[in-house]
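One structure below.
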Amino acid sequence: MTTSTRWLLLVLGAVALLGAFTAGGMTGRRDLPPWPQLSVLKGHLAGTPPPPESRYRFDANGRIVADETKTHVVCPAQSDRTAVLLVLGQSNAANHAGQRYRSAYGNHVVNFFEGQCFVAASPLLGATDTKGEYWTELGNLLVASGTFDTVVIAPLAFDGSEVARWVDGGDLNALLIDTMAHLGSAGYRVTEVLWHQGEMDYVLGTSAQDYSDRFLSMIGTLRTYGIAVPVYVSVASVCLEPSNGGFKAHAAHNPIVRAQAALPALDSTLRPGVNTDTLLDDLDRFDDCHIGGSGTDKVARAWADLLLNGRGKVGG
């Protein structure tokens, strides 16, 4: 190839490159060379842009630990008319519901987290995701009943957490110990423990015996740290569809349900919680797993009835 031929090819290549550059610029087609290449080069030179700002801050486990919109209040003193609820479980005990609530009684329904109190409002600090939950509405119902003046909600709930993570030595057991320590340092004595979990263990195929043994291991941790109050055990195993990590169909009489239903007979401080498997129908779950607006109302009222009955009063 002669020198003149090489020069001709270089000129033609430059003209073609300029034509593509111009065409892409005039037509908005950024898929034409050299626009993709220039975009990559720009990314290398400028670095990765920072993520958009959020009002929320999360810890390594994905739970909300800060929210710019929260109203900080002085933690209310506990009396015999105070409910201090330690809420434990997975996504349907966390901020994954389809309805948000806020305290209808100001600082009489509070969210406790790491030694501080905030007026309760969805999503609650201490649990995963940023959607809704029903514990705040439970607090509203308890205050409205006249039985309680104040409700303190201390959530510790993680999306997709199986019971094995809550056993003595498990990663969530360590966070449970930390939460109990914060409550004690703030002068709070837990009055009820509310457990809503089991959907993940149904998917994993956990046996009834293993579920029971692992749950009782967690109960041992509570007792070791001085929490000997009633623990309400929900019956919860429904979470359908692969998009939620579940199956397309659900077997009602499964090992998880059998274990959860049998647990109250094994310890006098264990009590039946809300059975969301039977309480909720298809319309109460917005994605075949997580609880929607109609469902959160049902679940909050069912919990209120249980706790008010436990205190010697029937909820209305």
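A quick note: this is a predicted structure, and the numbers were derived from the prediction, not measured. FYI, the numbering just counts along the sequence from 1.
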Between the main-chain N or O of [Y] and the side-chain N or O of [X], is there a donor-acceptor pair closer than 3.5 Å?
X      : Y      : result
Thr179 : Leu175 : yes
Ser91  : Ala94  : no
Trp135 : Ala93  : yes
Glu192 : Ala83  : no
Asn254 : Ala251 : yes
Glu162 : Ala164 : no
Thr82  : Ser79  : yes
Ser145 : Thr147 : yes
Ser217 : Asp168 : yes
Lys70  : Ala121 : yes

Close side-chain approach of [X] to [Y], heavy-atom, < 4.5 Å:
X      : Y      : value
Met218 : Leu88  : yes
Asn173 : Ile177 : yes
Arg223 : Val231 : yes
Leu307 : Leu138 : yes
Ser161 : Gln90  : yes
Leu308 : Phe148 : yes
Ser243 : Asp287 : no
Ile291 : Asp284 : no

task = Could you point out which residue of Leu194, Leu222, Thr191 forms a side-chain contact (heavy atoms from CB on, under 4.5 Å) with Leu86?
result = Leu222

What distance do [X] atom [atom1] and [Y] atom [atom2] have between them, rounded to the nearest 0.5 Å?
X      : Y      : atom1 : atom2 : answer
Lys131 : Ser122 : NZ    : OG    : 12.5 Å
Asp159 : Asn61  : CG    : CG    : 11.5 Å
Thr296 : Asn92  : OG1   : CG    : 11.0 Å
Arg189 : Gln78  : CZ    : CD    : 5.0 Å
Leu183 : Met180 : CG    : CE    : 9.0 Å
Asp288 : Lys248 : CG    : NZ    : 13.0 Å

I'd like to know if [Y] and [X] are part of one continuous hydrophobic network [Ile/Leu/Val/Met/Phe/Trp/Tyr, side-chain heavy atoms within less than 4.5 Å].
X      : Y      : answer
Val87  : Leu279 : yes
Phe158 : Val163 : yes
Trp303 : Val84  : no
Val274 : Tyr211 : no
Leu141 : Leu306 : no

Identify the two heavy atoms, one from [X] and one from [Y], that lie closest to each other, and give their separation to 0.1 Å.
X      : Y      : result
Pro76  : Cys117 : CD-SG, 4.2 Å
Ala261 : Val235 : N-CG2, 4.4 Å
Val193 : Val190 : CG2-CG1, 4.0 Å
Gln260 : Gly198 : NE2-CA, 3.7 Å

Full working for side-chain contact (heavy atoms from CB on, under 4.5 Å) between Val119 and Arg102 = CA-CA 8 Å; Val119 174; Arg102 66 168 57 93; over 6 Å; no

message = Test side-chain contact (heavy atoms from CB on, under 4.5 Å) on Val238 and Thr276; report intermediate values, then the result.
response = CA-CA 8 Å; Val238 173; Thr276 53; over 6 Å; no

message = Determine whether Leu266 and Leu263 satisfy the following criterion, side-chain contact (heavy atoms from CB on, under 4.5 Å), listing intermediate values before the conclusion.
response = CA-CA 5 Å; Leu266 302 180; Leu263 278 166; 4.0 Å; yes

ask   = Above 12 or not: heavy atoms from other molecules or residues under 6.0 Å from CG of Asp281?
value = yes

ask   = If you draw a 6.0 Å radius around CZ in Phe286, do more than 12 non-hydrogen atoms from other residues or ligands fall strictly inside?
value = yes

request  = Start with the C-alpha gap between Asn140 and Ser103, add the side-chain angles, then the distance that decides, and say whether side-chain contact (heavy atoms from CB on, under 4.5 Å) holds.
outcome  = CA-CA 6 Å; Asn140 288 333; Ser103 168; 4.2 Å; yes

inquiry  = Once ring pair (Phe, Tyr, Trp, His ring centres under 6.0 Å) is applied, what residue pairs with a partner in residues 80-112 remain, sequence neighbours excluded?
reply    = His96-His290, Phe112-Tyr188

inquiry  = Using the side chain to side chain donor-acceptor pair (under 3.5 Å) definition, which of the options Glu199, His250, Gln197 pairs with Ser237?
reply    = His250

ask   = What residues join Leu125 in its hydrophobic cluster, counting side-chain heavy atom gaps under 4.5 Å, either direct or through other members?
value = Tyr56, Phe58, Ile64, Val65, Phe113, Phe118

